[in-house]
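Below is one structure, written out as structure tokens; comments come after it.
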Amino acid sequence: DITADQWHTLQYMFIGNRLQVYIDGEQFLDYTDSGDPLEGGDLWIETSPTNQILFDNFKVYEIVAEGESSMEASLDSTLCGDGFELLLFEDFETGPSSQWIFRDAAGAEAVPWEISVDQAGGHSLIGDSHLWAYSQPLGKSDILYRLRMRKESPSADTHINFGVSPEGRYYLSFGAEMILYKDPTDIFLAKADSLLDDLQWHEIEISVRQGQIQVQMDGDLRIDYVDPSPMPAGDIALENLTGSIFYDDILVCAVSGVTE
């Protein structure tokens, strides 16, 4: 449903004579035109002069995979890129989804996280104390993990966790420096200047492929490290440590066709 005074994500996908519409990641329409489907054309937005509707963040992609019969696979390619499958996407526009397990610092299940609404009506997740947010089980080691984050003060710190399993985890710490560690014994792996400006959104991208860990911030490669003893397949988690930090547009993709 489209609710007033809330942002929603709409995705229209045309392949041949088939149309699918997704609203906030849920399939709303799956229609096949059995007559004479339109070909080519442009994108138009039509609104009523009596209603105010806000639009933002337009993206248009051409689907070029020949013989592709899976609409879901095309959606994976659009969000993740060729060769990846979508595992998780969360923009918090309708609040936290069932993809998350929230816990406090002691490990007790709780929901002390909050949803922030900015002046444009966009939503994001905010933590302001020591809190955990775990993804539902993903069970992948080779992943692409992307999110946006914003610190509210220089003292704010967080751990961006991946490869989380009973055997341990990898995590990035964002204090004065960006530091990559490996648990269960906090083994230092690599570091780079953090350069996280307070009150500014930054995009963090983590790529893990056969033990090679690459970390980009705002499109610049900051860490490139090869672990000789990679962690097994695992999940992701956010660990808000101190201060207020905003998180948004969390995307996790896996290499297609890899069974773990």
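In what follows, residues are counted from 1 in the order of the sequence shown.
Y170 and F162 have parallel rings, their planes meeting at less than 30° on a 0 to 90° scale where 60° marks the start of perpendicular.
Shortest non-hydrogen contact noted between I223 and A190 is CG2-CB, 3.9 Å. The shortest heavy-atom contact between G163 and M231 is O-CE, 4.3 Å. Heavy atoms only, all atoms of each residue included: A133 and W100 are closest at O-CZ3, 3.9 Å. Shown here for S165 and G234, the closest heavy-atom pair between the two residues is CB-CA, 4.4 Å. Residues G211 and P230 share a closest heavy-atom pair of CA-CG, 3.7 Å.
Contact check for I250 versus L238: side-chain heavy atoms found under the 4.5 Å cut-off. Side-chain contact between D248 and W201 is present, with heavy atoms from C-beta onward closer than 4.5 Å. Side-chain contact between R150 and S124: absent, with no pair of heavy atoms (C-beta onward) separated by less than 4.5 Å. Proximity of V255 to F84: side-chain heavy atoms (C-beta onward) are separated by under 4.5 Å at one or more points.
A donor-acceptor distance shorter than 3.5 angstrom exists from the side chain of D235 to the backbone of G139, with no hydrogens or angles considered. The main-chain N or O of S155 is found under 3.5 Å from a side-chain atom of T242 such that the two form a donor-acceptor pair. Formation of a donor-acceptor pair under 3.5 Å by the T158 side chain with backbone atoms of E239 is found in this model. When atom types are taken as modelled, the side chain of N240 and the backbone of L131 share no donor-acceptor pair closer than 3.5 angstrom.
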Practice prompt. Let me see the working for E90 and L147 under side chain to side chain contact (heavy atoms under 4.5 Å, CB included), right down to the final yes or no.
Written response: CA-CA 9 Å; E90 177 67 87; L147 74 157; over 6 Å; no

Practice prompt. Go through the steps for R146 and E203 under the test side chain to side chain contact (heavy atoms under 4.5 Å, CB included), then give the verdict.
Written response: CA-CA 7 Å; R146 185 183 300 141; E203 182 174 274; 3.8 Å; yes

Worksheet item: Given Y247 and I160, is the side chain to side chain contact (heavy atoms under 4.5 Å, CB included) satisfied, shown in steps?
Response: CA-CA 10 Å; Y247 308 86; I160 305 300; 4.2 Å; yes

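Atom NE2 of residue H130 and atom CG of residue D157 lie 10.0 Å apart, to the nearest 0.5 angstrom. For the atom pair CZ (F246) and CD1 (I115), the distance works out to 10.5 Å, reported to the nearest 0.5 Å. For the atom pair S207 OG and Q212 CD, the distance stands at 7.0 Å (nearest 0.5 Å). Taken to the nearest 0.5 Å, the NZ atom of K182 stands 11.0 Å off from the CD atom of E167. With values rounded to the nearest 0.5 angstrom, C253 atom SG is found 13.0 Å from D142 atom CG. Within the model, atoms OG1 of T94 and NE2 of H123 stand 8.5 Å from one another, a figure rounded to the nearest 0.5 Å.
Residues Y181 and I206 fall into different hydrophobic clusters, defined by Ile, Leu, Val, Met, Phe, Trp and Tyr side chains chained together at heavy-atom separations under 4.5 Å. Y134 and F89 fall into different hydrophobic clusters, where Ile, Leu, Val, Met, Phe, Trp and Tyr are joined by side-chain heavy atoms under 4.5 Å apart, directly or via other members. Hydrophobic clustering, with ILVMFWY side chains joined whenever heavy atoms are under 4.5 angstrom apart, keeps I143 apart from V226. Under the 4.5 Å side-chain heavy-atom criterion for ILVMFWY residues, a single connected hydrophobic cluster contains both M178 and Y225. Under the 4.5 Å side-chain heavy-atom criterion for grouping Ile, Leu, Val, Met, Phe, Trp and Tyr, I213 is connected to L87 within one hydrophobic cluster.
For Q136, the side chain to side chain contact (heavy atoms under 4.5 Å, CB included) partners two or more places apart in sequence, or in a different chain, are I101. Partners of L221 under the side chain to side chain contact (heavy atoms under 4.5 Å, CB included) rule, at least two apart in sequence or in another chain, are Q214, Q216, D224.
For the pair R103 and W132, the cation does not sit on the ring face, since its NZ or CZ is not both under 6.0 Å from the ring centre and inside 45° of the axis.
Just one residue in the list E152, K151, E114 forms a side-chain contact (heavy atoms from CB on, under 4.5 Å) with S244, and that residue is E152. The side-chain contact (heavy atoms from CB on, under 4.5 Å) with F92 is formed by just one residue from the set V117, I126, L125, D249; it is L125.
A side-chain N or O of D186 and one of Y171 form a donor-acceptor pair less than 3.5 Å apart.
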